[in-house]
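Below, chains carry the letters A, B, ... as their sequence lines are ordered, and counting in each starts from 1.
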Protein chains: 2
Amino acid sequence: MEAVSIEARSPAQRERRRRILAAAVDLATEGGFDAVQMREVADRAEVALGTLYRYFPSKVHLLVCALLERFEDAEVRQRTVPAPGEDAQERVRHVLGGQTRALQREPLLTEAMTRAFVFADGSVAAEIRRVEAVVSDLLTGAMAGPGGSREDYRRTARVLADVWLAALVGWVTGRTTADDVWARLDDACRLLVL
Amino acid sequence: MEAVSIEARSPAQRERRRRILAAAVDLATEGGFDAVQMREVADRAEVALGTLYRYFPSKVHLLVCALLERFEDAEVRQRTVPAPGEDAQERVRHVLGGQTRALQREPLLTEAMTRAFVFADGSVAAEIRRVEAVVSDLLTGAMAGPGGSREDYRRTARVLADVWLAALVGWVTGRTTADDVWARLDDACRLLVL
DNA sequence: GCCAGTAGTGAAACGTGTTCCTATCATGAC
DNA sequence: GTCATGATAGGAACACGTTTCACTACTGGC
C-alpha cells in the first residue's frame, strides 16, 4: 500500500497532506499517541477517513512522517547554522542537547512520535530509514564539523542515536525524567572514543 | 490495576499463570506480535478472557512478563557459568553474542517481545524496570567478571543495552539483517572505552 | 460440613484502527 | 463542452484489545 507521495500532484493534494499532518501533530501535542485517533484526525483535517488512509496507510505511518518532517527541518537548520564547538564531542553534545530540549518542550507530541517510531512494523521501513538517515546526517554533520569527513563518524552516530532513542522511550513512558535523557546521552558521549 | 503477583497464592494459580505465558509464547513463536491475540491466548491456556486479564492487565504486560522470565533464566544461568574471556570487553561480547543468537533462533517470538517492550506505556513501568535491571545485571556481571565491581560498569552496560535494543528493533521489523545486530553491538563494544 | 468472600467462567458490549463500498466531485484529453 | 478516469466523501462494517456483568466454583475460617 503506497501512500500519496510527498510530491503530491496537485496543490490541493499538497494542502490536504499538510492539513492531515497538522491535525495529527495538534492532537498528539494535546494528548499523545492515544489521542491521535484516525477519525478525529480526518475530522480536523476536513478529509474523509478513506482519504486519510489514502495519504497515510496507517496511524504509525502518519506519526513517523510527522517525525520525519521535524527532523528534516532540524537538519536543514543545522546545516545553515553549524553547531559551535572546538571538537566533535563538543559539537555533537550541542546538537543532541538542543534537539533533546526541543523534543522535551512538547512531551506528548514526542511521546506519540517516539512510540510510533519504535512500534513501526516492516510496512513503515522506508519512512523509518529516512528518519534514521536524517538523524545520522544531523549527528555526523555536527561531529565532522565544516569540511570534515562524515564517514568517520557514521558508527559513532549510530551508537548515539541508539542511546538517544532508548533514553527517549524511557522518558516518554514515564519511567525516567527529562534530565535522565540528557544524563544518558552525556554518559554515552563520555564513554565513546570520540 | 495490579496483576496477580508471581508469588500467586495457590498452586492452581501458579499453574494458570504458567499456562497463560506458555500460550502467549507459543503464539508469538508461531506468528509474532499480531498473532498473540488475547482471545486465542485465553483459549489455549484454557482460562476465560476475564481471567487472563486478571493475571495480566494487557497484552503488552503479558509479553513483557514473558521477556522478563527469559532474561531472568538467562541471568541465573550466566551466574552459574560465568562468561569466559580475559577482560571485560571479551566477556561482555561473549554474553551479548550468545544472548543475541538465542533471540535470533526464534525471530517471531523476539519480534513480539521486543515490540511489546518498546511500545509499553507507563502502566508497564514496573515490569520494564525489572527487565532493565536483569539485563544490567547480565552485562555488568559479565564485564566485572568473578569478584569484580559491577558498579564500575553500570553506565557502559546501559549504553550497550540501548544499542542492543535499537538494533533488535531494527531487525525484528525487517529493516536490517540478523548479522547487522551483531555488527552494531560489535561497533559499540569497540567504540566504548571499556 | 457450612458460609462468606474471592476467583473463574462465558458471553456480550465497547472503542478505535482499518477496510470496503457507493455516490459524488474534479480534472485532463479530446 | 463532454466524457472518462481517478480522487474524495460519507458511512457501514470488521477485527481485536479491553471492559463489564451475571453466574458458578473454589477455598479458608469457623
Contacts table for residues 22-33 of chain B: side-chain donor-acceptor under 3.5 angstrom, sequence neighbours left out:
unit_1	atom_1	unit_2	atom_2	d
B/T29	OG1	B/V25	O	2.6
B/E30	OE1	B/R44	NH2	3.2
B/E30	OE2	B/R44	NH1	3.2

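The distance from atom CD1 of B/I20 to atom C1' of C/dT9 is 13 Å, rounded to the nearest whole Å. Atoms CG (A/L49) and C1' (C/dT18) sit 8 Å apart, rounded to a whole Å. Atom CE of A/M38 and atom C1' of D/dG10 are 17 Å apart (whole Å). If you take CZ of B/F56 and P of D/dG17, they are 16 Å apart, rounded to a whole angstrom. Remark: P of D/dT27 and CZ of B/R14 are 13 Å apart, rounded to the nearest angstrom. Put simply, NE2 on B/H61 is 10 Å from P on D/dT18, counting in whole angstrom units. One can place CD of B/E15 at 13 Å from P of C/dG8, the figure rounded to the nearest angstrom. Between the OH atom of B/Y55 and the C1' atom of C/dT9 there is a distance of 13 Å, given to the nearest Å.
Checking D/dT8, D/dA12, C/dT16 against the side-chain heavy atoms of A/R39 singles out C/dT16 as nearest. The side chain of A/A48 has D/dA9 as its nearest neighbour among C/dA7, C/dG17, D/dA9. Among the nucleotides D/dA7, D/dT19, C/dA13, the one closest to any side-chain atom of B/Y53 is D/dT19.
Using a 4.0 Å cutoff on non-hydrogen atoms, no part of residues 24-37 of chain B comes near DNA chain C.
The side chain of A/Q13 contributes an N or O atom lying less than 4.0 Å from OP1 or OP2 of D/dT8.
In terms of modelled atom types and a separation under 3.5 Å, the side chain of A/R150 and the main chain of A/D137 share a donor-acceptor contact.
Between B/L52 and A/K59, it is B/L52 whose nearest contact on DNA chain C lies nearer the 5' terminus. Summary of the strand contacts: B/S58 and A/T51 both lie near DNA chain D, and taking for each the nucleotide with the nearest heavy atom, the more 5' one is attributed to A/T51.
Residue B/R54 places no side-chain atom within donor-acceptor reach of the base of C/dT6, judged by atom type and a 3.5 Å distance cut-off alone. Judged by distance alone with a 3.5 Å cut-off, no donor-acceptor contact links the side chain of B/R16 to the base of C/dG8.
Checked for salt-bridge contact, B/R16 and B/E46 miss the test: no charged N lies under 4.0 Å from a carboxylate O.
At least one side-chain heavy atom of B/R70 sits less than 4.5 Å from a side-chain heavy atom of B/M113. Contact check for A/Q99 versus A/W164: side-chain heavy atoms found under the 4.5 Å cut-off.
Residues B/S123 and B/D121 bring a donor and an acceptor atom of their side chains to less than 3.5 Å of each other. Side-chain N/O atoms of B/S136 and B/R154 include a donor and acceptor closer than 3.5 Å.
Residue contacts shown for B/E46 are limited to sugar-phosphate atoms, with no base heavy atom under 4.0 Å away.
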